[in-house]
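Handing you a structure now.
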Amino acid sequence: MLGSPSNQTLLNTAIFILLGVPGLEAIHLWLAVPLSAMYSVALLGNIIIVTVIWTDSALHEPMYHLLCVLAAVDIVMSTSVIPKMLNIFWSGNGIIGFAACFTQMYIVHATTAIETGLLLAMAFDRYIAICKPLHYQTILTPRTMIGMGMGIIVRAISAMTPITWMVVHLPYCASHVVPHSYCEHMAVAKLACADHMPSSLFSLSASFIIVGIDVIFIATSYSLILKAVFSLPSQDARVKALSTCGSHVSVMALFYLPGILSIYMAWLGQHVVPLHTQVLLADFYLVIPPMMNPLIYGLKTKRIRERVWNAVTNSLPGCICQNSAKEKRPTQLFVMEHNRSIWGAQPKK
């Protein structure tokens, strides 16, 4: 049907075939419905966050810059896999080109490495804002923010480029059927005719080092933050601070726990964890955090929520609302998004 043996060989070496969720092919359509809804929410929410922060000069502060970059990374990360995943679930077409597969692999793993770096930077921002409020503007200068951003990107590229290079240069002379919904590193590497362990071990080590270092520093930052919060004299202030910190920690738990479980379940193998469970966890790991981040980090932030609401109400006919550009900003130091007056406010000059 495909022609000569040479054509068959050329076809096999030029493509991979993604299976979706192996063992659950009968419910692919049912899986596509919640996945489509979550991807739509993630896309809309993150686009709103990026647009509001980018266009409102009043939000051009370190915390909001980090939120804006996080939203952009979430858009790239989810868009690199979800449209193809939905195509598999809706139509059963899992064919993906050789170059497209490894490009997708690189983008997914690089953006996850960038995201963990951004979460660390945001924890550091909160630590400075709460524990050293009078030095906030002198520590988190534009130069410092650019340096942090470049460091996060360079670290991700330095870790992911060797991994992808090693997998690309493995020979794929047998099956090209990937038992996954996207070109996940381990799933593709296991198809190689040669020993894939060097690349797999490098991938595991890089993930362990990057995530381990970030989690340690994030935990340290929030421990110091909680120590400062519990020293506040006002119970109201403590409750508000704990509410904000709790929402931030929940975002980090949504990002780290499924990711760590996904990596180690892939290493344990199908005889310990069913393959469909591994694939589903890896799939939803790439859409649930991008969907939740704008809701928890963005719309829970009072200043962003107000500007989104003003934009919506201003767009309605017959509605007269105060323009956010004319809002009078307080002359105190910004410390925490929706309770700035609680910690470290500077006296007016």
Pairwise side-chain contact, P294 with I48, heavy-atom cut-off 4.5 Å (strictly under): no
Donor + acceptor pair across side chains of S80, Y182 (<3.5 Å): no
Shortest non-hydrogen contact from M63 toward Y136: N-OH, 3.8 Å
Distance in Å, S175 OG paired with L191 CG, rounded so as to fall on 0.5 Å steps: 5.5 Å
Side-chain donor or acceptor of H60 paired with backbone N/O of I53 under 3.5 Å: yes
Transitive ILVMFWY side-chain link L295 to L257, under 4.5 Å: no
Check: Y285/T112 side-chain N/O donor and acceptor closer than 3.5 Å: no
Reported CE-to-CE distance for the pair M122 and M148, which is rounded to 0.5 angstrom: 10.5 Å
CA sep, side-chain torsions, deciding dist, call: L118, V73, side-chain contact (heavy atoms from CB on, under 4.5 Å): CA-CA 10 Å; L118 286 171; V73 170; 4.0 Å; yes
Derivation of the side-chain contact (heavy atoms from CB on, under 4.5 Å) call for C183 and L18: CA-CA 8 Å; C183 290; L18 298 168; 4.1 Å; yes
Non-hydrogen side-chain atoms of V81 and I107 separated by less than 4.5 Å: no
Heavy-atom closest contact (L170 atom, A189 atom, distance): CD1-O, 4.4 Å
Pair Y64-D56, side chain to side chain donor-acceptor pair (under 3.5 Å): steps then yes or no: CA-CA 10 Å; Y64 299 112; D56 193 335; over 6 Å; no
Backbone N/O of V108 and side chain of T111: donor-acceptor pair under 3.5 Å: yes
Pairwise side-chain contact, F284 with L35, heavy-atom cut-off 4.5 Å (strictly under): yes
Heavy-atom side-chain proximity of R155 to T116 below 4.5 angstrom: yes
Check: T144/T141 side-chain N/O donor and acceptor closer than 3.5 Å: yes
Donor-acceptor contact below 3.5 Å, side chain S203 vs main chain S199: no
Test item: P179 and K190 side chains (from C-beta on) under 4.5 Å apart, heavy atoms: no
Distance, nearest 0.5 Å, that separates CG of L43 from CE of M291: 13.0 Å
Nearest heavy-atom neighbours spanning A187 and V178: CB-CG1, 3.9 Å
Close aromatic pair by centroid cut-off 6.0 Å: F102 and F98: yes
Verify same cluster id: V188, V168 (apolar side-chain graph, 4.5 Å): yes
Reported CD-to-SG distance for the pair E184 and C101, which is rounded to 0.5 angstrom: 10.5 Å
For A110 against A156, the heavy-atom pair lying closest together: O-CB, 3.7 Å
Within-4.5 Å side-chain heavy-atom neighbours: N93 and I88: no
Donor-acceptor contact present, side-chain S181 to main-chain G20, <3.5 Å: yes
N/O donor-acceptor pair under 3.5 Å between H169 side chain and W165 backbone: yes
Spacing of CE belonging to M160 relative to CE belonging to M105, to within rounding of 0.5 Å: 11.5 Å
Single-linkage hydrophobic cluster L226~F217, side-chain heavy atoms < 4.5 angstrom: yes
Common cluster, Y39/L29, ILVMFWY with side-chain heavy-atom separation under 4.5 Å: yes
Taking every non-hydrogen atom, the tightest pair across N46 and A42: ND2-O, 2.7 Å
Near-ring test Y172/F16, centroid separation under 6.0 angstrom: yes
Backbone of G23 reached by a side-chain donor or acceptor of E25 within 3.5 Å: yes
Side chain to side chain, S36 and W90, heavy atoms closer than 4.5 Å: yes
Working for side-chain contact (heavy atoms from CB on, under 4.5 Å), residues C68 and H65: CA-CA 5 Å; C68 184; H65 287 154; 5.6 Å; no
Heavy-atom side-chain proximity of I218 to F124 below 4.5 angstrom: no
Candidate pair I27 and F89, rule side-chain contact (heavy atoms from CB on, under 4.5 Å), full reasoning: CA-CA 9 Å; I27 62 168; F89 291 166; over 6 Å; no
Least distance between heavy atoms, A206 atom then I163 atom: CB-CD1, 4.2 Å
Y222 ring center near Y127 ring center (under 6.0 Å): no
Reported CG-to-CD1 distance for the pair L119 and I114, which is rounded to 0.5 angstrom: 12.0 Å
Hydrophobic cluster identity match, L280 and L275, side-chain contacts under 4.5 Å: yes
